[in-house]
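Let me begin by presenting the structure, written as structure tokens, before commenting on it.
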Amino acid sequence: MDKLKVNIGSLALKNPVMTASGTFGYGKEFADFIDLSRLGGICVKGTTLHNRQGNPYPRMAETAAGMLNAVGLQNKGVDYFISDIYPEIKDIDTNIIVNVSGSTVEDYAECAARLADIEKIPAIELNISCPNVKEGGMAFGTSTSSAAQVVRAVRKVYHKTLIVKLSPNVTDITEIAKAVEAEGADSLSLINTLLGMAIDVEKRKPILSTITGGLSGPCVKPVALRMVWQTYNAVKIPIIGMGGISSWQDAVEFILAGATAIQIGTYNFVDPTISVKVVDGIADYLERHNISDIKNLVGKLQV
Amino acid sequence: MDKLKVNIGSLALKNPVMTASGTFGYGKEFADFIDLSRLGGICVKGTTLHNRQGNPYPRMAETAAGMLNAVGLQNKGVDYFISDIYPEIKDIDTNIIVNVSGSTVEDYAECAARLADIEKIPAIELNISCPNVKEGGMAFGTSTSSAAQVVRAVRKVYHKTLIVKLSPNVTDITEIAKAVEAEGADSLSLINTLLGMAIDVEKRKPILSTITGGLSGPCVKPVALRMVWQTYNAVKIPIIGMGGISSWQDAVEFILAGATAIQIGTYNFVDPTISVKVVDGIADYLERHNISDIKNLVGKLQV
Amino acid sequence: MKKMLDLVVVENNKLNQNYCLLKLSTPDKSVLPEMYPGQFVEIRVVDSPTTFLRRPISVNFVDKLKNELWLLVQVVGDGTRKMSEYKTGTIVNLLLPLGNQFSTPEKHQQELLLVGGGVGTAPMLYLGAILKESGFNPKFLLGARSSKDLLQLDDFAQYGQVYTTTEDGSHGQKGFVTNHSILENIKFDRVYTCGPKPMMMAVANYAHKNQIECEVSLENTMACGFGVCLCCVEDTKHNGNVCVCTEGPVFNIKDLKWIS
Amino acid sequence: MKKMLDLVVVENNKLNQNYCLLKLSTPDKSVLPEMYPGQFVEIRVVDSPTTFLRRPISVNFVDKLKNELWLLVQVVGDGTRKMSEYKTGTIVNLLLPLGNQFSTPEKHQQELLLVGGGVGTAPMLYLGAILKESGFNPKFLLGARSSKDLLQLDDFAQYGQVYTTTEDGSHGQKGFVTNHSILENIKFDRVYTCGPKPMMMAVANYAHKNQIECEVSLENTMACGFGVCLCCVEDTKHNGNVCVCTEGPVFNIKDLKWIS
Ligand SMILES: Cc1cc2nc3c(=O)[nH]c(=O)nc-3n(C[C@H](O)[C@H](O)[C@H](O)COP(=O)(O)OP(=O)(O)OC[C@H]3O[C@@H](n4cnc5c(N)ncnc54)[C@H](O)[C@@H]3O)c2cc1C
Ligand SMILES: Cc1cc2nc3c(=O)[nH]c(=O)nc-3n(C[C@H](O)[C@H](O)[C@H](O)COP(=O)(O)OP(=O)(O)OC[C@H]3O[C@@H](n4cnc5c(N)ncnc54)[C@H](O)[C@@H]3O)c2cc1C
Ligand SMILES: Cc1cc2nc3c(=O)[nH]c(=O)nc-3n(C[C@H](O)[C@H](O)[C@H](O)COP(=O)(O)O)c2cc1C
Ligand SMILES: Cc1cc2nc3c(=O)[nH]c(=O)nc-3n(C[C@H](O)[C@H](O)[C@H](O)COP(=O)(O)O)c2cc1C
Ligand code: FES
Ligand code: FES
């Protein structure tokens with residue numbers, strides 16, 4: 001299906017459908033449900049320089065058409081990833097992208113550096129937007145100067161495709177987007193989760209151990225779509241859109257708004273086969289509308 | 001029911017349940033469905049100095065657990081309100097609060113001034129957060145300096161209870177809240193709608209005539225609740241919480257997070273009787289939990 | 001006075017693949033509120049994650065003897081699909097009656113044409129019945145894609161002569177309602193219409209050219225249905241944006257900006 | 001290998017006001033995947049605006065002869081209420097089988113006690129059946145608020161001696177499971193338990209004090225059910241936070257931080 005091919009910087013995707021970090025494990029957990037090679041890419045779980053235990057339980061609250069999470073980047077660190085996980089997933093016939101996080105600029109850069117020469121990791125996604133960690137995370141993504149600083153440091157040590165994942169918890173996402181673009185990022189992905197909260201009224205306590213957490217799922221789609229549209233009109237580098245995608249229609253909405261590729265997150269929990277259904281749905285749509293190349297659809301919203 | 005009484009500045013409410021501006025008309029439209037005197041207050045439709053036609057149709061898109069609107073403050077102006085609408089609603093036995101909007105600081109102040117001496121209007125709610133108008137509106141509510149400027153101008157001419165309604169489309173709502181408090185606002189209400197977007201994929205066009213619009217309904221509740229909680233921890237003046245309330249449980253969540261009163265918006269469309277159901281539900285809750293005064297619940301989240 | 005009411009499904013007839021006729025009554029045998037032709041109800045569709053707002057549906061018919069409200073539903077999305085699956089006994093929550101109504105003709109306006117296309121035929125049945133009851137002899141002109149989409153023909157026939165068009169020629173004259181020869185052959189005093197916007201515009205144009213009084217029933221998207229959200233507006237000649245749910249859904253074409 | 005499957009409801013028995021027993025089978029008569037005691041399924045509850053995520057439910061029993069999967073459901077919210085309303089013929093989408101399983105006792109561990117409280121009795125039935133099949137003679141200790149909440153007693157009785165406690169004394173011994181005299185009278189080799197956390201903790205304490213091997217089945221809230229969201233974690237002694245949905249739901253108490 002050549003008409004589905006897209007490029008994110010120098011990264012070629014067989015189709016625009018990727019899965020979002022933190023919602024797809026390391027990919028292999030889905031091998032029972034779908035043929036992973038049908039995906040454009042897989043963003044694996046947020047990875048940090050050192051092992052992290054994440055936040056205490058409870059980490060999850062269901063909300064109207066969505067959920068809050070407060071995982072807090074639990075992972076065994078980048079070295080463990082390289083030694084123990086990478087060998088198990090490197091032969092999946094798709095693009096494996098590592099989502100990188102840190103509490104300091106140095107951590108980000110060091111983590112990225114260790115991934116720079118791993119053969120089957122063609123790209124990293126810098127998570128400067130995690131709302132669930134005390135230091136760093138979202139703090140980096142909510143000011144232009146700190147966002148620029150992280151990207152600058154990483155760009156120095158990382159020469160493959162560098163995607164930067166933006167936080168929606170800002171007044172003007174285009175400012176951050178432009179600052180990140182100026183530092184040489186190859187692509188922007190958005191949105192990460194919106195900061196939210198839920199309360200158990202009978203116990204009079206927050207449901208999450210961390211009080212607040214990250215909101216995702218269909219409920220955030222209108223906000224995500226608006227931010228993709230705004231960002232598309234502000235930068236030149238390709239955008240990877242996400243936030244609440246649960247159908248091929250949603251994916252096409254993001255593409256029309258300006259996303260070159262999309263990621264599916266929370267809905268993987270509801271329907272572990274949704275990603276391939278979206279691939280098929282987009283293909284059908286192109287067929288039905290006589291569109292010979294999906295690139296001709298990117299940002300083609302008629303306004 | 002004395003235990004339900006709360007105060008917003010010098011404004012006494014028989015209970016904490018109000019209805020949100022733009023979702024309850026002028027109140028009388030609901031008289032067929034409920035006994036309006038059972039409400040703590042009614043915020044009437046956004047009112048401006050001059051007559052406004054609002055935005056072109058289409059103005060509405062349904063979304064997952066919510067909706068987008070792009071009404072754009074259609075109203076006949078404050079003088080028409082005073083001469084033609086006020087006489088029809090002034091005898092409703094509840095607090096009628098006028099939601100005031102403008103495109104310039106002078107407009108806000110002039111509109112507020114004309115309402116200052118209307119007997120049965122004990123309070124106004126300054127809408128510095130409308131995402132659906134080209135000039136003013138949300139722009140005022142997304143920077144501390146312009147928010148402060150509007151409030152300062154209005155405070156000079158308006159001496160009854162002044163509520164300022166904040167926009168959620170900001171990086172840090174507490175900064176705006178503190179700036180507004182410093183200018184002498186009596187209360188803060190939040191949240192107004194989140195800026196969002198929806199696309200018709202078959203037509204490849206935005207669904208709203210204005211491309212983007214304001215998101216409301218249960219989908220925004222987690223974000224609203226978080227902002228109320230953050231704001232409660234940052235200011236001393238009472239907070240009126242709203243955003244997605246559809247049940248008494250939701251209302252109690254907001255109260256526990258720090259809201260002295262709450263407003264119900266979009267859900268009035270789904271169930272026009274929801275507001276009185278919420279009043280009853282809160283009363284039951286107090287009974288069941290042996291709470292003698294709802295004021296003892298405000299901000300009493302156990303963290 | 002509008003009400004929020006729980007009604008019970010007493011019958012749900014699948015008319016064809018895309019249409020069903022829902023018959024509702026009161027669970028306690030109390031009399032249904034008075035409803036007039038052109039008015040509509042707002043149905044709450046529970047049990048669907050994609051149907052947050054109520055859905056507006058026209059009053060298709062009120063059977064006063066049986067105390068039944070009829071709704072003709074075309075399945076176009078999740079909300080209408082759920083309605084089409086309602087079983088006898090299902091309790092449905094409605095707001096009703098909403099909106100204004102078609103106006104009654106003057107005594108001397110004897111030639112009345114009621115034009116319906118697609119699901120827009122829905123309000124025409126009740127309008128025809130009431131006109132007939134008031135001593136008029138309305139004519140119906142109903143259009144559809146093909147014969148199987150022409151619905152309730154027997155019901156219509158009780159209240160007046162029925163003319164039809166189908167796009168594929170499988171029933172009545174081939175083509176669109178506005179091509180039907182009756183429009184040439186009879187000089188109407190008044191036309192009422194409901195259907196897809198292009199059809200209503202064509203009908204409005206015909207009426208305007210021939211100086212026939214004409215009312216159309218609009219289906220703007222609605223969030224509330226009773227005048228509080230201001231989402232359903234139509235731009236009018238003299239009053240600017242007005243709410244279709246309260247000032248309409250029925251408009252006289254002379255008030256709309258459709259014809260310049 | 002885990003699967004996403006559509007199963008059909010072949011029976012839904014309302015056991016009492018709050019509980020139902022759902023029996024599911026394959027619509028095409030294909031054989032159900034192999035499932036082990038302690039495993040669970042994730043049900044997708046469509047038709048509810050408040051049930052976005054799937055709901056985890058334990059395997060209550062697998063009737064291999066009839067090719068049926070049994071789920072014992074306690075109504076606590078909208079998702080479980082919808083399940084309790086499923087009619088025969090309803091198609092339900094599930095992920096299964098998920099999670100680890102209770103471990104098989106050593107040959108010499110002959111005195112086995114299966115303790116269930118509330119809906120936590122669910123996995124005990126299938127565990128008991130399999131233990132019996134493997135040549136063991138398990139004993140069941142089931143606790144509930146009152147006699148009407150003691151469910152499936154006849155089913156349990158097929159696989160071993162059943163002891164009960166009720167809080168109101170309406171069946172078996174009065175009090176909590178951990179007060180039952182059998183715990184004093186018999187020296188068990190192994191205890192398995194599932195139920196409310198305070199109950200499981202009390203059982204774990206009893207087992208720990210008496211140096212009995214003990215497995216508990218946890219019910220942490222889950223978003224995915226198959227190890228990708230990392231929301232369901234339990235803090236363990238040697239491995240820190242581990243996923244209850246993949247490393248559990250069954251844990252040996254010696255790995256948990258419950259007992260210090
Ligand atoms: C006053 C009024 C009277 C109506 N009377 C009837 C009736 O008698 N019978 C009947 O079947 N339908 C009637 N409708 C239309 C009906 O309300 C919509 O078809 C219904 O709301 C669609 O809901 P859904 O969940 O099935 O589809 P959705 O999933 O909400 O929508 C499916 C598709 O239909 C489009 N759509 C939905 N509503 C409208 C609308 N109002 N105008 C244009 N496009 C729309 C959507 O954009 C979407 O593309 C009436 C509408 C109004 C305003
Ligand atoms: C591995 C596992 C096996 C389970 N097996 C069964 C079973 O066999 N039968 C059965 O009836 N239930 C079982 N449960 C519990 C069941 O998943 C929940 O009761 C169900 O998800 C509630 O959904 P709901 O929509 O009805 O209620 P909701 O509206 O989601 O919740 C209602 C109330 O229950 C609370 N709640 C929901 N889920 C949990 C949970 N996991 N732990 C603590 N409190 C919770 C909520 O906080 C809320 O107060 C199991 C759970 C797990 C994790
Ligand atoms: C449980 C969970 C864990 C997540 N973990 C990460 C993460 O480690 N790194 C990251 O960049 N985003 C993480 N996200 C955010 C998602 O990748 C995605 O940006 C967000 O959920 C919005 O998309 P969705 O609505 O499709 O889920 C996580 C989301 C969820 C729900
Ligand atoms: C159709 C519509 C119109 C609105 N108009 C106004 C308005 O005029 N002034 C205002 O301050 N807020 C307006 N709002 C915002 C609501 O008052 C409220 O802040 C918001 O909808 C969040 O609450 P909810 O989720 O309960 O609706 C409007 C909202 C809707 C849905
Ligand atoms: S639909 Fe709300 S005003 Fe008409
Ligand atoms: S529920 Fe998602 S990892 Fe366990």
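The chains referred to below are lettered A, B, ... by the order of the sequence lines, with proteins before strands, and numbering in each begins at 1. For clarity, every value in this text was computed on a predicted model and none was experimentally measured.
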Proximity breakdown for A:I211 and chain B, heavy-atom pairs closer than 4.5 Å: side chain
Side chains of A:K277 and A:T273, donor plus acceptor under 3.5 Å: yes
A:K300 portion near chain B, given a 4.5 angstrom heavy-atom threshold: backbone
Reported OG-to-OH distance for the pair B:S216 and B:Y267, which is rounded to 0.5 angstrom: 13.0 Å
Gap between atom CG of A:D250 and atom CD1 of A:I255 - 0.5 Å precision: 11.0 Å
Any donor-acceptor pair under 3.5 Å from B:R204 side chain to B:D200 backbone: no
The single option from A:V223, A:N169, A:T63 passing side-chain contact (heavy atoms from CB on, under 4.5 Å) against A:L215: A:T63
Which atoms of B:L297 approach chain A - backbone, side chain, both or neither, heavy atom under 4.5 Å: side chain
B:L68 versus chain A, the contacting section by heavy-atom distance below 4.5 Å: side chain
Contact origin within A:A257 toward chain B - heavy atom pairs under 4.5 Å: both
Region of B:E202 that comes under 4.5 Å of a non-hydrogen atom in chain A: both
Greatest number of heavy atom pairs closer than 4.5 Å to chain B - which of A:P222, A:G196, A:C219: A:P222
Closest-packed option against chain B by number of heavy-atom pairs under 4.5 Å, given A:V252, A:D172, A:L256: A:L256
Gap separating the OG atom of A:S129 from the CG atom of A:L194, nearest 0.5 angstrom: 11.0 Å
Toward chain B, the part of A:F254 with a non-hydrogen atom under 4.5 Å: neither
Chain A interface, residue from B:S143, B:A224, B:P206, B:A65 that has the most non-hydrogen pairs under 4.5 Å: B:P206
Heavy-atom pair of closest approach, residues A:K5 and A:K295: O-NZ, 3.1 Å
Approximate separation, where rounding is to 0.5 Å, of A:K221 NZ and A:S246 OG: 7.0 Å
Residue selection (most heavy-atom pairs with chain A, distance under 4.5 Å) from B:M227, B:R226, B:Q302, B:E253: B:R226
Interchain contact, A:L301 with chain B, by part (heavy-atom threshold 4.5 Å): both
